[in-house]
Amino acid sequence: MNAPTFAFEAIGTQWKIDVPGLPPEARADLLAEIEERIARFDRAYSRFRDDSLVADMARKAGTYRLPDDAAPMVGLYERLYRLTDGAVTPLIGQALVDAGYDAGYSLVQKKPLEHPPAWADVLSFDAPHLTLKKPALLDFGSVGKGYLIDLVGEILTRRGLKLFTINAGGDILYVDAHKTPLRVGLEHPDDAAQVIGVATITGGSICGSAGNRRAWGEFHHILDPRTLMSPKHILAAWAVAGSATVADALATCLFFVPPETLAKEFPFEYLIVNADYSCQASPGFPAEVFVK
Amino acid sequence: MDQTPVHQPAPSAPAPKKGGKGLAYGAIGLIALAAGFKLLPSKDAAPAPSNEANAFTPSTGTYKDGTYESKGQYVSPAGPEEIDVTVTLKDNVITDAVVVSEATARNSVRFQGKFVDGFKPFVIGKNINEVHLTQVSGSSLTPKGFDDALEKIKAQAKV
C-alpha cells in the first residue's frame with residue numbers, strides 16, 4: 001500500500017508526516033499549506049533569524065502585536081514559569097546565546113552567563129500584545145515545536161484526515177480514528193541505533209528531551225537559569241499527553257521539577273532516565289522499558 | 001546436622017541481572033508478592049546451594065532464592081485480564097521481574113501497584129533492528145548546521 005509521507009527540514013529539525021489515505025492529487029496543495037504555516041511560525045518566533053519578531057524584540061523595547069497563535073503558547077509559558085519557579089522561562093534566550101547556542105551555532109561560550117530577568121520585571125502579555133520594558137531575546141524552544149506540531153495537525157484534521165503521524169525531530173503527534181496502536185521506540189540517550197524501550201500509543205503525543213545531541217563543552221540545549229548550567233542529573237525524559245504542546249513542554253520541565261509538581265496541573269505520563277541509567281516512570285506510562 | 005544459622009542480610013541494592021528483561025509498566029497488579037498470587041517455582045528455578053540442606057522456611061515472607069512464575073487473573077473495566085508474572089528472588093529481594101500482559105498492547109490499563117521497595121530498574125538498550133517499531137522518539141534529529149558546527153569546533157580544539 002502506498003503510504004504518502006512528507007519529509008522536509010524546518011525549524012532546525014527533520015519532519016516526517018505520514019498521511020496514508022491522502023489522494024495523490026491533494027499532495028502538493030497540502031504540503032504547500034503545511035510549509036507555509038511553518039514558515040509563518042518561524043518568521044514570528046525564531047531566534048535563529050534576524051528578520052523575525054523575536055529578533056525585533058531583542059533589539060528594542062516596546063509593545064509588539066504578536067500573531068493570534070501566540071496566546072496559547074505564551075499562556076502556557078506563564079503556567080510553566082509559575083509551576084517551575086521560573087526555571088522554565090522564555091527569557092533564557094540570551095543566556096543560551098552567550099553559552100554558544102546562537103543563530104550561527106558558534107558553540108563557544110563568549111562571555112560569562114547572566115541570570116535572565118524575572119518575568120514580571122521585563123515582560124507583560126495581554127493577548128495579542130506583548131510588552132517588553134527592555135529588549136530581551138525570547139526563546140520559545142520548550143513549547144514552540146510541540147505547539148507547531150499541533151498546529152500542523154489541525155491543518156490535517158481540517159482536511160478531513162483521520163489517520164496521520166507527525167514526527168518532528170522525535171516529537172510525535174499521532175491521530176487515528178481507529179486507535180490502531182503505534183509502536184514508538186524510545187531512543188537510547190547514548191546511541192541512536194538503540195532503543196531503551198517501546199511505547200505504544202493509540203493517539204495523542206509522545207515527546208522526548210535529552211541532553212546528548214545538542215551538546216557542546218559543558219552545555220546542552222537545556223539551560224537552568226538558576227545555575228546557568230545544563231542539568232546533568234537526567235539523561236532523557238519522555239512525556240505522553242493529549243497534545244504535542246503539552247508533551248513537549250513537560251518533557252523539558254521534567255529536567256527541572258519533580259513530575260508530581262507538574263501532575264498537579266497536567267494529566268500526563270512520563271519516563272525519566274537518570275544520569276546513572278536508573279529510570280522511573282509514571283504507573284500508566286504506556287511502554288515496555290528494557291531494564292536490568 | 002546443625003541448621004544453617006539464619007542470617008537476614010541487610011536490604012541492599014539488588015545485583016543487576018544480566019540480559020535485559022522487559023518491565024511492562026502498563027500491566028496491572030504487578031508483583032507476585034501482592035495478595036492473591038501463589039508463588040510456584042518455575043522449571044528454571046535456581047537450585048538451592050548444597051550446604052543449605054535444611055533451608056530455612058519461616059512462616060512469613062522469606063523466600064528461597066530462585067525464579068518463580070505465576071499467572072494472575074483479575075477483572076478490569078475492559079473485561080477479564082490475565083497476566084503472567086515471573087520474579088527472581090535473591091536474599092528476599094526481587095532482582096528481576098517480568099510481567100507479560102495481554103493488555104499491554106491496549107491503552108486501557110493502569111498500573112495499580114508499586115515495585116517492591118529497593119528494586120531500582122536500570123535501562124539497557126536494544127538494537128532498533130531487533131525491535132519492531134513504527135516510529136522513534138528521541139533527540140536524534142539535530143539541525144544539520146549544528147552537527148557541522150560541532151565538527152568545526154572539534155577540529156579547532158585539536159592543537
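Because the structure is a prediction, the values reported are computed rather than measured. Each chain gets a letter, A, B and so on, in the order the sequences are listed, and its residues count up from 1.
Contacts between S209(A) and chain B at a heavy-atom distance below 4.5 Å are absent for every atom of the residue. Neither the backbone nor the side chain of K179(A) comes within contact range of chain B, judged by heavy atoms closer than 4.5 Å. Both the backbone and the side chain of I196(A) come within contact range of chain B, with heavy atoms under 4.5 Å apart.
No more than 12 heavy atoms of other residues, nucleotides or ligands lie within 6.0 Å of NZ in K162(A), so this atom counts as exposed by the packing criterion. For E130(B), the CD atom sits in a packed shell: over 12 heavy atoms of surrounding residues, nucleotides or ligands are nearer than 6.0 Å. Annotation for H233(A): atom NE2 counts as buried by contact number, over 12 foreign heavy atoms lying within 6.0 Å.
With S137(B) as the partner, the side-chain contact (heavy atoms from CB on, under 4.5 Å) test is satisfied by one option alone out of V195(A), V184(A), I201(A), V240(A): V184(A).
Among residues two or more places apart in sequence or in another chain, the salt bridge (charged side-chain N to carboxylate O under 4.0 Å, His left out) test is passed with D276(A) by K120(B).
Contact check for F290(A) versus V131(B): side-chain heavy atoms found under the 4.5 Å cut-off. Contact of the K126(B) side chain with the Q194(A) side chain is not registered, since no non-hydrogen atoms from C-beta on lie closer than 4.5 Å. Counting heavy atoms from C-beta on, the side chains of L133(B) and V198(A) come closer than 4.5 Å.
Minimum interatomic distance between P121(B) and V291(A) (heavy atoms only, all atoms of both residues): CB-CG1, 3.7 Å.
Comparing D191(A), L182(A), D171(A) by heavy-atom pairs within less than 4.5 Å of chain B, the highest count is held by L182(A).
Interatomic distance, CD of E187(A) versus CD1 of I128(B), reported as 7.0 Å (0.5 Å rounding).
With hydrogens and angles ignored, the 3.5 Å screen pairs a side-chain donor or acceptor of R183(A) with a backbone N or O of H132(B).
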